[in-house]
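Some notes on the structure that comes next.
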Amino acid sequence: MPDAQLLAAQDLRLDVNVLDYVILALYFLVVLGIGFAAKRAVRTSLDFFLSGRALPAWITGLAFMSANLGATEILGMAANGAQYGVMTVHYYWLGAVPAMVFLGIVMMPFYYRSKVHSVPEFMRRRFNGATQLFNASTFALAQILISGINLYALALVMDALLGWPLWLSILVSAAIVLAYITLGGLSSAIYNEVMQFFVIVAGLVPIVIIGLTRVGGFSGLGEKVKQSVLGEGGLHTWAHTAGTDNPLQANWIGLVLGLGFVLSFGYWTTNFAEVQRALSARNTNAARLTPIVAAYPKLVIPIVTVIPGLVALVLFGDLGKDGGPTYNEAIPLLMDEFLPYGVLGIAVTGLLASFMAGMAANISGFNTVFTYDIWKSHINGDHPDEWYVRLGRIATIGGVIGGIGAAFIAAGFSNIMNYLKNIAPRNSSFA
């Protein structure tokens, strides 16, 4: 094995060959093909923004999960695994799954039966127009800023593949996402997200298997983590949480009540980027099942995010240090270190799929909220239905342009989860 401990600060360049590029090109062709196919089904604004409310629960459930598998999940949680250790699983088991189940059982019947197009519209019916406008405006801004994370992550991988400068990678990545969302609306995003879910898993599993083999299995990984900067604390989830003497510097009260209750329930029950997938389901029962179906894979996602982060920590001694690679590069470094040609192409495609799914969720949520909750409800609602479809496509273009600007902001952070904490505190604890 190359001396990974001595990895110097340098631009990460993935060693790919023609086979890897062919796999990647086929993926992009399928993505765009789904966009063109979905475009034929778009006849009304309901089709464009909510897939005509006609999708089965297994599709909306996988799309719900995949939409959440963006850069903050893959790169961000791997970075957290390297920086904070096993305590990162709290973001999943406390900060996600209970609230997802609550959303399905309790909240989705209210949302779906009210026939609203968005969560801000539900706020208008429950409270008033001012509440709708405030919720819609803050959500729209947050989606633009968070989409920048996924776009920046896309550009990082494109740069590692092709050696392009950051600005060119960002523009090309944005154009790909823009094309298929503008064509087919939410249906295009959802069907791509279902495909992307399986591509993501296929791309990350080899990293976990080979990584664990290289470090001597779980026992070997544990011993090496103890010798790392994390020490023994990097292997525990609850130890020393009576105080803050742990890698995450969190106590159990903050974890249970803050992360597990206040932040998680506030996020998962109102975040329209995910709720939108459930609202596109064919009936109330399918809408209720959507987040519950997604909760099952959410339980095991730490296997393909946290474990690679720990493996990268023990293999790359200068990870996260001055002059060394950033925590964000944990998974790309492992891909380049471990994977042979062909398998590397699948893994790279999986990474790109996750970032595209995350950005598509952000932008599709943004265009719906801007069209219905800001423009139609508070600026000018006196237009025929097809006019709002056109406005939705224009909003998609505007959202992607805003995401490009946010991507350059995200580029200034060594851990994209720290960027997320700065721009959207309520979203900072979740992938």
For [X] against [Y], the heavy-atom pair lying closest together:
X      : Y      : answer
Arg288 : Ile105 : NH2-O, 3.1 Å
Val275 : Thr269 : CG2-O, 4.4 Å
Asp373 : Glu121 : OD1-N, 3.1 Å
Ala406 : Ile144 : CB-O, 3.6 Å
Ala361 : Ala67  : CB-CB, 3.5 Å
Asn150 : Ser354 : OD1-O, 4.4 Å

Determine whether [X] and [Y] make a side-chain contact, defined as any pair of heavy atoms from C-beta on separated by less than 4.5 Å.
X      : Y      : result
Ile363 : Gln143 : no
Pro332 : Leu75  : yes
Leu204 : Ile331 : yes
Thr290 : Met108 : no

Under 3.5 Å, is there a donor-acceptor pair linking the side chains of Asn271 and Tyr267? yes

For the residue pair Tyr92 / Glu73, report whether a side-chain donor-acceptor contact shorter than 3.5 Å exists. yes

Parallel, tilted or perpendicular: which fits the ring planes of Phe122 and Tyr111, with parallel below 30° and perpendicular above 60°? perpendicular

Any idea how Tyr372 and Phe49 line up, ring-wise: parallel (<30°), tilted (30 to 60°), or perpendicular (>60°)? perpendicular

Test side-chain contact (heavy atoms from CB on, under 4.5 Å) applied to Val194 and Leu55, Ile59, Ile34, Thr60, the passing residue: Ile59

Exam field: side chain [X] to backbone [Y], donor-acceptor pair closer than 3.5 Å:
X      : Y      : result
Arg393 : Leu183 : yes
Asp20  : Gly345 : yes
Glu329 : Leu319 : no
Asn246 : Ala250 : yes

From Arg126 CZ over to Phe110 CZ, what is the distance, rounded to the nearest 0.5 angstrom? 9.5 Å

With sequence neighbours left out, write down each residue that passes side chain to side chain donor-acceptor pair (under 3.5 Å) with Gln249, or none if nothing qualifies. none

Are Trp238 and His90, when compared by the centres of their aromatic rings, separated by less than 6.0 Å? yes

Return yes when atom CZ of Phe261 has more than 12 non-hydrogen atoms of other residues, nucleotides or ligands closer than 6.0 Å, and no otherwise. no

Tell me every residue that passes side-chain contact (heavy atoms from CB on, under 4.5 Å) with Val201, counting only those two or more places apart in sequence or in another chain. Phe197, Val205

